[in-house]
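Contents: one structure, followed by commentary.
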2 protein chains.
Amino acid sequence: MGPTPRMSVSHSSLSSYLDSLEVHELPAGFQCGVHGFRFEPAELGGRKTAVMNLTVLALDAPTDDWAAVFTRNKFPGAPVKVGRARLAGGGALQAVVINNKISNVCSAGDGVMASEAVCNGVADALKLSGGAEAVLPLSTGVIGWQLPVERMLEELPAAARTLKRGSALPAAKSICTTDRFPKLRSVRACGGTITGFAKGAGMIEPNMATMLAFVLTDVAVPRAELRTMLGRAADASFNCASVDADQSTSDSLVCLSSGASLGKPPLDAKGCAEFEAALTELCARLAEDVVRNGEGTTHVIRVAVRGAPTEAVARGAGKAVVNSPLFKSAVAGNDPNVGRLVAAVGSYLGKVAPELDLSACTMRMGGRTIFAKGAFSLDAATEDELYEHMKGASLVNPVAGEPPSLPYPPHERCVEIEIDLAAGKAACTVHGSDLTQEYVSINADYRS
Amino acid sequence: MGPTPRMSVSHSSLSSYLDSLEVHELPAGFQCGVHGFRFEPAELGGRKTAVMNLTVLALDAPTDDWAAVFTRNKFPGAPVKVGRARLAGGGALQAVVINNKISNVCSAGDGVMASEAVCNGVADALKLSGGAEAVLPLSTGVIGWQLPVERMLEELPAAARTLKRGSALPAAKSICTTDRFPKLRSVRACGGTITGFAKGAGMIEPNMATMLAFVLTDVAVPRAELRTMLGRAADASFNCASVDADQSTSDSLVCLSSGASLGKPPLDAKGCAEFEAALTELCARLAEDVVRNGEGTTHVIRVAVRGAPTEAVARGAGKAVVNSPLFKSAVAGNDPNVGRLVAAVGSYLGKVAPELDLSACTMRMGGRTIFAKGAFSLDAATEDELYEHMKGASLVNPVAGEPPSLPYPPHERCVEIEIDLAAGKAACTVHGSDLTQEYVSINADYRS
């Protein structure tokens, strides 16, 4: 298993990138609406105001065919608790409401009641027969603050009035917080459309890497199959990505199908296989987009690990590389400091598999072998080649005076690392981002 | 268990800090010598030169009473392999040789043979009857490069000629790489002296947090007891510290006693208890020094976890906080982003103890309760107090135009965090550093 082949993309401006996303339409049976408003967060004591976006996704008819995967953080947000209850309840959904700016996690008030009140407001505004139970709430933003429920209820009708079919781009933009660009992907499969979008830039790690991701389809996938497939797709995509090893309290991946309500017959086994492949690829692309959009990210690092005794060890070794602050910092500087690569792998394996025989382990970077038989092969020419490989994967605008990382992805190249532990048959490919001064700067005072 | 009380220190300049260290003398029976020289690293193809320091610690007579703890990294450096062999061999030591700049890890040549050649050079220069076997080699610096053995052998006699008694400061300075200041501590115990010094600024995490640390004593501690005590002391000090979660390939803690060779009687059980307490406290102070000296560090974060089901969970929860890039970045900006604190704890516990009941968990920062019964207690006044607490723990020079972090520790205050999981009786206190733009800058191009 080597690096996954990727479409060649190249964008020279934000508008050319956004133009490429405009073609990603909502599947049949879906509408989205977005609305922003200014409010005073209670915790700031009237000193400052903030802007919140409300995003509403609505289906033309309720659907039983939906699935969701949530964070495993021990302090989950109130919307995650509500979502789990909806999932367990087995009822139909007809709308999703997402707010940014405040994540409704461990706030002083009753967060679940706040989320339910917002769902109720959506059900009223959309006149949903299923009531609040037919609405799934999601929140992202500052942890610990309370949702401004009254203000949200005042503004929800305005959000409902903006509902329309067509591009999913307004929703993909509206759910963002510190994201630099919207992350939106679409594929055709099984005679229908699968469209996904995600937000997330920091607090990005395993067990649902992105804070919030949505996959909408008009293919009629029965609920049970959809839930199984979504779990597997998340495992192979978002759960193999990391910006900063921090697992959010809000991570949620939601998938809704309008197919059955459009009168389409349910997918058969062969159709399900095709759908799952397309779903998994879409999630993988979105997860990579999330990493590429990571806070301050100037390089995406792709680590393909093989020859591991188990998939967990393969994934862990890859994660150890993309979560090593030292290696990430070196990548930011286009510094081929492969010693730190080997140190990160050795540190992880020393903890989880101290008896593993690594005498035949090899590592490659940019397609070039840099470590074999327990020793490095390094010289000045190799250093130059590795430097050029890293520079070629940089997302930084070479024009002087431009910001350190671009507000859109100019290409999809990665710093390519291959690790063959030669100690088993399991494999896993992990994506991560470098660590830059911009990341620190963004996170040193996010809330101000 | 709350924050450990610390001596009040306050230094207004590097020289006042260094003056305070000058009093830390080598114990009786020890000498140190230091010597720097310029060389051409083979891997740079003659493009650049570098400076290497040789540091020699010598005992007046061979000692059987020594102990060492080494990294568990799966790609250990050649000196670690040699050190493990010396430890297993059970022979006496009379000297330690340390070089910086190149760590002799996984280099293209035979690293063990290179380390042994250097030991042989030391034995010749010091005319040691025990030969190379009586010399312990340690290296720190760039991973993957080869030791310039010929040049080191040429320069070793010059290092040997500088051997002298008195201050350990020359050795503490000489072993540094990117360290901002030397880390040196000394205590009186059991009628003798224990003097320790350490180097390490990046690639600092568990299982021997500092890359290299040395503890010298003239107390006569028998070998078996010394080895047991050193393991426990490392566990309670260096293994509870983290700058960047990266466990080095070279981490080593070495302890040597000259007591028996000075004719002192071996410690009895009561003496051993006193010695171990002093040793553990010394190691804890050194470990905290290492964190305070972390690359780009502007705050030390102390996390006291209690109420955990096991010590491992207590340690892991503390480590999760001090290794969270988001929380570390917030601390750098004096931003009391306690949401990230709770998210980091929840992310860790969700992985290792998903069934734990956290309903009675409380968290405090700067002595103020910020989280209880599943919710935050936050308001503008609390935010102001937390901000002042963080600012008070800052190591940054408030004088405009000064570097972002000082080249000496002006005080020993920490950002104090207390977490009571209320789910058991185990406790652990962990130290870590914040994450700054300077850390990234240092590590984006360390080798140039």
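For the pair A:N73 (side chain) and B:G350 (backbone), a donor-acceptor distance under 3.5 Å is absent.
Here A:L349 is the residue among A:L349, A:V331, A:I370, A:T382 with the most heavy-atom pairs under 4.5 Å with chain B. Annotation: maximal heavy-atom pairing with chain B below 4.5 Å, among A:L358, A:N334, A:D379, occurs at A:L358. Contact count versus chain B (heavy atoms, under 4.5 Å) is highest, among A:P354, A:C106, A:P76, for A:C106. Between chain B and the residues A:A353, A:G374, A:A375, the largest count of heavy-atom pairs under 4.5 Å involves A:A375.
For a residue to count as touching a neighbouring chain, one of its non-hydrogen atoms must lie under 4.5 Å from one of that chain's; by this rule B:V342 touches chain A with backbone and side chain alike. Heavy atoms closer than 4.5 Å to chain A are found nowhere in B:S377, neither backbone nor side chain. Residue A:D110 does not touch chain B at all, counting heavy-atom pairs closer than 4.5 Å.
Considering only heavy atoms from C-beta on, B:F75 comes within 4.5 Å of A:C361 through its side chain. A:L435 is listed as a side-chain neighbour of B:L435, based on a closest heavy-atom distance under 4.5 Å. Residues B:Y439 and A:V440 fail the side-chain proximity criterion, which asks for heavy atoms closer than 4.5 Å.
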* To do: Begin from the C-alpha positions of B:K74 and A:V345 and carry the test side chain to side chain contact (heavy atoms under 4.5 Å, CB included) through to its verdict.
  => CA-CA 8 Å; B:K74 280 289 285 176; A:V345 174; over 6 Å; no

